[in-house]
Student: 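Provided herewith is a single structure, encoded as structure tokens, for subsequent inquiry.
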Amino acid sequence: MTATLGLAAVSWVVAVWQMNNGMDMGVATRLGPFASFITLWMPMMAAMMLPGAAPAVLRRLRSGGRMHTVPLFVGSYLAVWTLVGVAVYALYRPHGPYAAGAIAIMAGLFELSPFKRHWRRRCRERVQSGLMFGLHCVGSCIGLMLMVVAISVMSVTWMSVAAVLVLTQKLLPVKAAIDVPLALAIVGLGILIWVAPSSVPGLMPTM
């Protein structure tokens with residue numbers, strides 16, 4: 001767990017340093033060359049996703065796994081999120097607040113769906129490989145990730161918000177008293193983006 005969280009901390013430093021080099025333009029952000037994007041996306045995912053993966057690493061060890069298998073588990077888990085980055089790069093285009101708001105609303109509705117509950121529960125189960133754990137977590141977190149990509153893919157602020165939400169959902173059980181207000185808040189964010197885009201931090205490019 002110490003090594004996993006240490007790697008996450010280093011990844012935060014690297015990701016924040018890279019993001020502070022002027023790449024964040026809100027919905028108008030351009031991803032640039034693929035090599036530059038993917039070298040930023042990988043530490044982003046490590047920073048955001050590894051804290052929530054630490055309990056899974058412990059479950060893997062307690063179920064009979066050996067210490068030398070941990071790097072493979074973590075590496076294959078991050079490889080899944082790297083493939084998500086490849087898909088983001090292929091599909092992403094600079095857009096406007098209406099598209100960002102629509103994606104945020106859909107992300108909020110996804111939080112209420114049975115698919116979300118299914119994949120979130122699978123994230124909390126014992127798994128034998130980082131690949132399977134990664135696939136489960138992509139299914140659980142994809143709505144939140146698409147929301148961040150739509151609002152500002154290079155924003156440290158929104159990256160931090162998503163990281164906190166992902167970690168909270170990894171650690172807390174599925175409860176309507178927590179999950180429904182969160183989903184409604186995300187839907188409300190999408191509506192706010194439509195109504196008053198300039199009020200949403202990081203959404204609109206600074207002039």
Side-chain angles (χ1 to χ4, degrees), residues 11-12 14-34 36-49 51-52 81 84-113 115-116 119-120 137-170 176-207:
S11 298
W12 270 105
V14 173
V16 170
W17 176 74
Q18 289 179 295
M19 287 173 147
N20 285 336
N21 288 333
M23 300 179 69
D24 179 20
M25 292 292 290
V27 293
T29 299
R30 297 185 180 277
L31 301 185
F34 176 75
S36 299
F37 169 75
I38 207 68
T39 54
L40 171 57
W41 180 268
M42 291 172 66
M44 278 177 60
M45 291 301 100
M48 295 172 65
M49 300 301 171
W81 282 108
V84 173
V86 174
V88 167
Y89 187 85
L91 299 174
Y92 176 90
R93 298 293 183 274
H95 48 280
Y98 289 107
I103 292 174
I105 290 171
M106 288 189 290
L109 295 177
F110 178 76
E111 293 294 305
L112 297 172
S113 71
F115 300 102
K116 168 71 178 192
W119 290 115
R120 187 174 168 191
C137 290
V138 168
S140 175
C141 303
I142 193 64
L144 295 174
M145 292 305 304
L146 291 179
M147 180 189 72
V148 171
V149 169
I151 294 175
S152 184
V153 66
M154 298 297 181
S155 169
V156 174
T157 300
W158 287 105
M159 172 187 167
S160 302
V161 170
V164 170
L165 293 177
V166 168
L167 178 60
T168 301
Q169 292 189 342
K170 285 286 201 313
I178 299 173
D179 301 334
V180 172
L182 172 61
L184 295 178
I186 295 173
V187 171
L189 173 63
I191 296 172
L192 179 63
I193 291 173
W194 279 349
V195 175
S198 60
S199 66
V200 178
L203 180 72
M204 305 302 293
T206 55
M207 304 302 293

Student: Show the numbers, then the answer: is there a side-chain contact (heavy atoms from CB on, under 4.5 Å) between Met145 and Val138?
Tutor: CA-CA 9 Å; Met145 292 305 304; Val138 168; over 6 Å; no
Student: Test side-chain contact (heavy atoms from CB on, under 4.5 Å) on Glu111 and Gln169 and set out the steps.
Tutor: CA-CA 11 Å; Glu111 293 294 305; Gln169 292 189 342; 3.0 Å; yes
Student: Judged by atom type as modelled, is there a donor-acceptor pair below 3.5 Å linking the side chain of Tyr89 to the main-chain atoms of Gly32?
Tutor: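 Yes: the side chain of Tyr89 pairs with the backbone of Gly32.
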Student: Do Ser113 and Trp119 touch side chain to side chain, with heavy atoms closer than 4.5 Å?
Tutor: no
Student: Quick one: are Ile151 and Leu189 in side-chain contact, heavy atoms under 4.5 Å?
Tutor: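 Ile151 reaches Leu189 side chain to side chain.
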Student: Do the non-hydrogen side-chain atoms of Pro43 and Trp17 ever get within less than 4.5 Å of each other?
Tutor: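 No, side chains not in contact.
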Student: Could you tell me whether Asp179 and Lys116 have a side-chain N and a carboxylate O separated by less than 4.0 Å?
Tutor: no
Student: Hey, could you give me the SG/CZ distance between Cys137 and Arg120, rounded to the nearest 0.5 Å?
Tutor: 11.5 Å
Student: Taking all heavy atoms of Val27 and all of Ala100, pick out the closest pair and write down the distance.
Tutor: CG1-CB, 3.9 Å
Student: Taking all non-hydrogen atoms of both residues into account, name the closest pair between Ala176 and Pro181 and its distance.
Tutor: O-CD, 3.5 Å
Student: Evaluate the side-chain proximity of Trp81 to Met48: yes if any heavy-atom separation is below 4.5 Å, no if none is.
Tutor: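 A side-chain contact is absent here, since even the closest heavy-atom pair is not under 4.5 Å.
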Student: Which value, rounded to the nearest 0.5 Å, describes the distance between Thr29 atom OG1 and His95 atom NE2?
Tutor: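 With rounding to 0.5 Å, OG1 (Thr29) is 8.0 Å from NE2 (His95).
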Student: What verdict does the side-chain contact (heavy atoms from CB on, under 4.5 Å) test give for Trp158 and Val200, after you've listed the backbone C-alpha separation in whole Å, the side-chain angles of each residue and the deciding distance to 0.1 Å?
Tutor: CA-CA 11 Å; Trp158 287 105; Val200 178; 3.7 Å; yes
Student: Within this structure, what is the CE-CE distance for the pair Met25 and Met154, rounded to the nearest 0.5 Å?
Tutor: 12.5 Å
Student: Of all heavy-atom pairs between Gly108 and Ala183, which one has the smallest distance, and what is that distance?
Tutor: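 Taking every non-hydrogen atom into account, O-CB, 3.4 Å.
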Student: Please round to the nearest 0.5 Å and tell me the distance separating atom OG of Ser198 and atom CD1 of Ile193.
Tutor: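 Those atoms lie 11.5 Å apart.
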Student: Indicate the ring-plane relationship of Phe34 and Phe37, choosing parallel, tilted or perpendicular according to the 30° and 60° boundaries.
Tutor: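 Rings of Phe34 and Phe37: tilted, 30 to 60°.
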Student: State whether the side chain of Ser199 and the backbone N or O of Ala196 hold a donor-acceptor pair below 3.5 Å, judged by distance alone.
Tutor: yes
Student: Below 4.5 Å, heavy atoms only, C-beta onward: do Phe110 and Ile186 meet side chain to side chain?
Tutor: no
Student: Could you tell me which non-hydrogen atom of Pro97 sits nearest to which non-hydrogen atom of Leu203, and how far apart they are?
Tutor: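 Of all heavy-atom pairs spanning Pro97 and Leu203, the closest is CB-CD2, 4.2 Å.
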Student: Taking all heavy atoms of Ala15 and all of Leu40, pick out the closest pair and write down the distance.
Tutor: O-CD1, 4.0 Å
Student: Begin from the C-alpha positions of Met45 and Val84 and carry the test side-chain contact (heavy atoms from CB on, under 4.5 Å) through to its verdict.
Tutor: CA-CA 10 Å; Met45 291 301 100; Val84 173; over 6 Å; no
Student: Is any side-chain heavy atom of Lys170 closer than 4.5 Å to one of Cys141?
Tutor: yes
Student: Distance check, rounded to the nearest 0.5 Å: Leu184 atom CG versus Leu112 atom CG?
Tutor: 6.0 Å
Student: Provide the closest heavy-atom pair for Val153 versus Met19 in the form atom of the first, atom of the second, distance.
Tutor: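 Looking at all heavy atoms of both residues, the closest pair is O-CE, 4.0 Å.
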